[in-house]
Structures are given as C-alpha cells and as structure tokens.
Amino acid sequence: MNSTDLLALLPLLLIAATAILVMLAIAVRRSHLASALLTVLGLCAAFGTLFIAAPLVPRDVTPLLTIDSGALFYIGLILAASIAVVFLCYGYFKQEEEHRPEELYLLIAIAALGSGVLVCARHFASLFLGLEILSVALYGLISYERTTKASIEVGLKYLVLAAASASFLIFGIAIVYFEFGTMDFGGILPDSPAGAVDSATIAVGVTLIVVGIGFKLGLVPFHMWTPDVYEGAPAPVAAFVSTVSKGAMFALLIRFFDRSGMRGDSSLVLVFSIIAIASMFAGNLLALLQDNVKRILAYSSIAHLGYLIVAFEAGGAIGRSAVAFYLVAYFATMLGAFGVVTVLSRPGNDLGDLSGYRGLFWRRPVLASVFTVMLLSLASIPLTAGFLGEFYLVAAGVSGSLWALVIILVVTSAIGLFYYLRIVVALYSRTAQPAGAWPSRINSHSLSWTLGVLTAAVILIGCYPSPVMRLIQTMVAGSG
Amino acid sequence: MILICLIAVLLAGGVLAAISARWNAAMARWIALASTVIDFALVLFIWINHAGQIALLNSTAWLEQVNWTWIPQLGIHFHLAIDGLSLLLLALTFFVGAFSILVSWTEITESIGFFHLNVLWILAGIAGVFLAVDLFLFYFAWELMLVPMYFLIALWGRERRARAAVKFFLFTQAGGLLMLVAILALYFFHYRSTGVFTFEYVDLLNTPLTASTALWIMLGFFAAFAVKLPLFPFHTWLPDACSEASTPVCVILASLLAKTAAYGMIRFLIPLFPNAAREFAPVAMALGVVGILYGAVLAFGQTDLKRLVAYTSISHLGFIVLAVFSWNELALQGAVMTMICHGLSVGALFILIGALDARIHTRDLDRMGGLWSTAPRLSGAALFFALASMGLPGLGDFVGEFLILLGTYRDHPVFAIVAAIGVLASTFYALRLIQRAFQGPNVHRVAMPDLVYREGFVITLMAGALLWLGLNPQPVLRTFSPALHALETTVQIHRQ
C-alpha cells in the first residue's frame, strides 16, 4: 500500500474519520446541532475527495478492495443520500430532543462506511466486513426510538432476520471457498478447469450467497422484513434503509457477478428471472392491499428492486448504465417521498395511515405537490426522473431481448399505478382533515431545503438527464 | 421557434392561471382563455404564412420545425415539426380547447386555478403529440396527457368519479406502456441493422424488419392507439369517464384525446409498419365495423345523455379506423375530415348536454320531453348537432363519412356495406334523442332559461365551422392532402 493507494481510499477513510470525530464530539459535549453539522461536513469532505480519487482509478487497494469509477460513483451516491438523510433526521428529531438523537449521526456515518466498503469489495472478506458494518449500524438506527415498543420490535425482527441471512451468506462463502480455495471474486470461476469442481456444491454455495444478498435487497421471497421495518422505523431511517443499504448491495451484486464471470450461467439467470418476476408481482400486488403509506412505499421498493434485476440480467454497458441511472432516480424519489412523510411525522408517532393524508393538498399545497411529484416519479410518469429511469430499464431489457421480463415489468408497473394513484387521490380529496391535523408549516429549514433540492433533482433529471447520463456513461466505460 | 411557443404558451399559461387564481378566479379563467386563443392565432398565422407551400402537392418538407439535441446519449432529439395534417388538428385542438374553457365558467367553481392548470397542460400534451416527430418525444407527450386528465376526472366529476378516473388511467397507461416497449424494440432493431441509435421518425421509417417482428411491434403501437381512441373492445372506460366527468372534460376527452390516437395511426402506425398493417388490416377493420354498429346500438339504448353521446362517439371513431386501415387517398381524406368534424359536433353536443344538466339537474332522457317549448335556442342547437352527427349533407360530418365509405368500398366492399348500416343506425339514435328530449308535450313541466350569450357564442361558432366544412371543404382538404399524399408515398415505396 503506497500513498497513491491511500489517496484513492481517501473517501472511505474520511467517512470513517467522520464517525470517530462525531463519537468524540458527543463524548465531550452533547449537542444535536453540532453532531448533525459535523456529520454533514465530514460526509461533504468525503464527497469532495472523490474528485481527488477520480484520476487515480481504477486500482486495486489491497487484495480486499478495488476502487474504480463505478465504486466512486456509488460512493458518491451513498454520500449524497446519507447527507440528505442527516438533514431529514435533524428536522425530524429536533421536535423532540429527549430521544438523544446525537448518536444517530454516528450510526449513519458508520452505515455509510459499511455501504462504501460494500461497493468497493472484490473479496468475500471485505464483502462480509462491509455488510456487517452496515447491518450493525442499521440495527441501532431502526430501533432508535427506544422508548416505543413497536420500534424495538422491528429492530429485533430485523436483527434476527439479518443475522440469519448473514449466516446463510457466510455458509455460502465457506462452501465456495472450499471448492475453489480463494475468496477473491475474480478467482472463482476463470481459473478452475472445467470438470475439476463439483458443480452441485457450487450451486449450493452460490444459492446461499444469493439468499444473503436477496435478503438485504428485500427481494421476494426474502422480503418479509421490509414492510414491517419501513413501518416501524422512524421515517428518515426508513428512507436510509430503502436507498443506501439497498443501493450499495445492488452495486455489490453487479460487481460480484461480473467479476466472478458467473453472470452467463443459465441456471443463475433462471433464478434471477424468477426472483425478479416474483418481486415485481408480489411488490405491486401486495401494495394494493395496504392502507399505510410507509408500507405501500415498502412494497413499492420491493417492486422497484425487481425492475432493477431486469436491467441487471440484461447486462452489458447499457444494463449497467440503466441500473446506475435508475438508482439515481430511485434514490432521489424515495428520499423525497419519505421526506414528506418525515415532515408530517413526529418521533414515535409517524403519519403512516393513508386516511391521515386526505385533503393534504387543500391545506398544504406545496407539500402535497412535492409528494405528488415523488409518487408520479415512482409511477414513472413523464417530467420526472422515474419516467426516464423506467425508460432506461425497459431499453436495457429490450436490448438484451428479455421479452418476457420486459412485458411483465410493463404489466406490473401498470398495476402499480393503482396504489400510487390511491395516495394521490387521497391527497387531493376534498374532505380535508380538521385544521391542526398537520403541522401548519415545515418546522425546520433543513427539511424544507432537502425536500426542495430533491424535488428539483427529480424534475431536472426527468427533463434534462444528459449531464447525469454522461457521467454514468463515463463511469461505465471506466469500470471494466 | 413558433412551435416551441405553441407549447410554451400553454405550459406557462397553466402555471400563471394556477398562481393568479389565489387572488382572483376570473383572472385565472381569462389567462387560460387567452393562452388558447393566442395559440389558435399562432396556428392561423402558420397556416396563412405557408399557404403557398401547403398548396404544392408534392412537397414533403415540414412547414416549420425545431430540432434540438435533448439526450444525445440515447439519440433523443427534441424535434417538433408541422405539416398540413398536424396544422389542422392543432387548429381543432385550440378551437375546441378555448370553448371547453369558456363553458367551464359556471360549472367549475372549486379550485379554479388547479383546474385550468390541468386543462392547459393537457392541451400542451395534445399539441406535443401532434407535433412530435421523435418517437421518444411522442411517447413523452403521449404520457403527459395522462396525469392532468386523471386529475380532471377525479376532482371535478360526479360521485363515482374516482373509479372512472382510475379506470381511464389504468387502461390508457397499460396501452401506453406496451407502446413504449414497441418503440424501444423498433429503436434496437434499427440499431442492429444500421448501427445508429435514433428515435427520429424519418429515419425509423426505413427500418428493415422481418414480417413477424414488424407485426409484434405494430401490435404494441396498436394497443396504445386502440385504447385511447377507443376502439371496440377497449372502449369501456369512455362511457364511464364521460358520464362521471364534468362537461369541459368530456369535451376534451371525446373530441381531442380520441384524435391523438387516430393521428398516431395515420402518422406512425401505418407508415412505420406498412406490410404488417396490411396483414393486420382485416382484423382492425372488422373491429372498426363492429365498433360502428355496437356503438350505434348501445347509443340507442342509453337514457343518460352523456353516455349516449359517448357511444355515438365510439361509433364514429370506428369509421376512422376503417378508413385508416383501408389506406387509400379518398378514405384517408375522409378519416381526417371526420376527425375534425367529429371533434366539433361531439364537443358541441357535450356542451349542450352540460348546459341542460346545469339547468334541470338531470341527464336522464326519461325525465325530459318537450323542452323545445321552454328553451328553443338550446333545442334548436341540439337538433343541428344531432343532425350533423347523423351525417346530414351540407354539414362536415357528411363529407367525412361519405369519403370514407367511398374509399373503403373500392378495396373492401363488404366492410363498406356493413359500415353503411351504421350510418343508417345513427339516424335512429340521433332522432330518438331529439324526439324524446325536445319534442312532444312537456310532461314533466320543466321550465328553464335558454342559452346565455356566452354559450350561444360558442355554439354558433362551432355550428358555423361545421357548416363551412360541409359546404366548402376544399380549403381544408387542400391543406391536409399533401401531407397525406406524402405519407401514402412512403407507404407505397415500402410495400413494393
């Protein structure tokens, strides 16, 4: 490891430093504002160092990590989303500071670090390290409102399920290691002479790994935790879980299957097709039955991850660009949607019930419009980022001639419209809630600014996506 | 540049109206009206300015166009262009659009700013559809029409409006998404054979496709257009939407949105897939003929006036499908003529029914009768448009349907004969409507005020336009014929 390696690693190092600094600051003096500010500054600095690292890539830093343009891109996305979540959390917890919100930011920084390690991983050890750093921070984040029973319940549920899935993953890793004698992604398939390995054993190993990854992504049939966690966790934390944790895992999924050369394996293709189809159908159909906005968003995110698998299967440069673009759109939209929920919620008392949103437009037109934009983006209606994202996904699917998957994507997303429209209808319904049902104005600048920026991003990317696409194309070209 | 203005005026007008309604509702209405009138004037300006160029029968060039690079990574251009066909349909859009705003003045009393925002944005979407010659942009505009329409039905309708709005949205969105897949498939097949990523209409015209691929891709387009038109058996959303929505929304739905689908068939579906379309023609024409008869029969059985008119609309639109798929010069001219005249006559009928509904609070035929004695002007106007819609010579609809039957008879006599029965059937429903609502004794002792000046003005202009189209269709025919001729030539080249 030389100084160039360190420079390339600078973004991750700075995220880690942020976590330590925030912890020390809390030890010296508790201050909500200071912790939040310190975290934002640290993450922004880490974001800045991406530009220092950019000319030095691609390079392998230790046998564990590889920093290439793809990794930097996803670290950037993770950092941007984490910063947005910090802002949301600040506005949310400022209402009731007896929750001692300071450590929250410490956990967010740690989770961001874990996600960053995941997107750089090229080795099972770093995969597992990143995953655990992320998971452990998430346990704390999800049950952060430790005074409420529901919050502890979902935290425990997530802990048990995540630990179980991690053990599946590690068992799968062990089996693959047993067969190939290496934990490097790149060393798995290419070096092994055909016939020298027992394909049944590998199948078991890889299946177990897929289970572990599928759990984190919330894909069907490993999705059970998603609606409960989204419902029980504080709204900004749910935003974090649905974006950063899933996005990082998806980037890892792509790297793992690209590097190991297993993408072309026909049985794996079949497995992923089934998972994608099941996720698209289950996500969209189950969302129809929900009456809680946070649960609807949870099922919606299951469906969206299913759509992403379509582009993942298509592969190639267009598949990877489609995934990256879709993730950008999805991040902005999901953060925005949960942002609106955050504005209307108080710690320990999130506004989830759909009936609580009836008539929002007539009392809080701007906020309802923002929510409408986000919902339309999730439903992929033009002028929003979601529209171009879905367009890109379908393009990738068509380019890979995945006709069945593309048709199912189209059909299920038409079904999906129905529940987004239900929320929209509620927002604009004329039987408004009594005055005082919602806070009369957004009580914090950090919330209003974050929502403003996210809305602008969703619309801007939806109308003029060229700059983002150019960035993504350079990124895809740079990561082999 | 003028084409950008057409759309920008509507988009900006919508936002302005929404903002100004916070202080003054009347101001929002005037802003909305002014935006459509300005656009209508702009279209007239293009028409007059290019009168010489339009007359050249063999000119294939666009009258006006803007072509900006939009998303170069995917070969997407912001490419708007106008020819005689688009020009007339735009004129219709703004003409009817302005009237739908005028008639909303008493009916829409809640959230006026948001209403006008939606109306103007939907008009912008329609204008975008008529102008786009980049398939991505076309799809973009196509989808852009959806959300405002959804809001318009869901927020300003009658009791079961939410259901109707969702039905409308799901039907059209499902169709639209299939078209998206078809557009992308065409895009990739074009790339595979030429190595160029493009959504440009003119380039995609020459995509070599195998017969079965072309058929599948064409079906994707057909799904979107058939739902939006609506063609039997995809029509069930229209009567629901029309009976639940408010009058201006019905006008936009039946007289403008349907035309975007017919336009899509003429501009995109057949020229892009000439051979597949010819193979598919018997099916499409059969559906069209079934729609003509089915719509007429159901219209005869309705007692709710709005549903009645919605079914007559389905019947008339069947003629357009018949004409488009028989694809010869006469039939096509008839199709475009019918598109314009149907837009006027069905729009006017909805306006009159809305006026009636506002006065006597019912649209049920059984609760009317003898209205002529109390509101002669309204009844006379209804008679005029009912006669127009049953194809009375001297009014525009006659010209259109006559040309369609004439043109279809040449290649497909059987379809033409069956469709002619539909013309006959239209007399029954039109006369039944007049007889039950306006003639006879006024058994229910209804007394109501007659049309006010604002309504009278709207109705007179629409009637005048229909008369003009019926008595002197030449200027209009001459405007869109070169465009149709150019399309026909492309198709002929590819069919050989």
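Keep in mind it's a predicted model, so treat the numbers as computed, not measured. Every chain is numbered from 1 and lettered A, B, ... according to where its sequence line falls, protein lines coming before strand lines.
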Identify which part of [X] has an atom lying under 4.5 Å from any heavy atom of chain B, answering side chain, backbone, both or neither.
| X | value |
| --- | --- |
| A/Thr372 | side chain |
| A/Phe361 | side chain |
| A/Ile472 | neither |
| A/Leu383 | both |
| A/Ile318 | side chain |
| A/Val424 | side chain |

[X] [atom1]: over 12 foreign heavy atoms closer than 6.0 Å:
| X | atom1 | answer |
| --- | --- | --- |
| B/Phe188 | CZ | yes |
| A/Phe418 | CZ | no |
| B/Arg192 | CZ | yes |

Does some side-chain heavy atom of B/Leu272 sit less than 4.5 Å from a side-chain heavy atom of B/Ile217? no
If I measure from the heavy atoms of chain A, does [X] come under 4.5 Å with its side chain, its backbone, both, or neither?
| X | result |
| --- | --- |
| B/Leu155 | both |
| B/Tyr191 | neither |
| B/Leu146 | neither |

Select, from A/Cys463, A/Pro382, A/Ser380, A/Ser401, the one with the greatest count of heavy-atom pairs under 4.5 Å involving chain B. A/Pro382
Would the distance check show the side chain of A/Arg422 and the main-chain N or O of A/Gln290 forming a donor-acceptor pair, the cut-off being under 3.5 Å? yes
Over-ring placement of B/Lys228 relative to B/Trp237, 6.0 Å and 45° cut-offs: no
Under 30°, 30 to 60°, or over 60°: which ring-plane class applies to B/Phe140 and B/Trp70, parallel, tilted or perpendicular? perpendicular
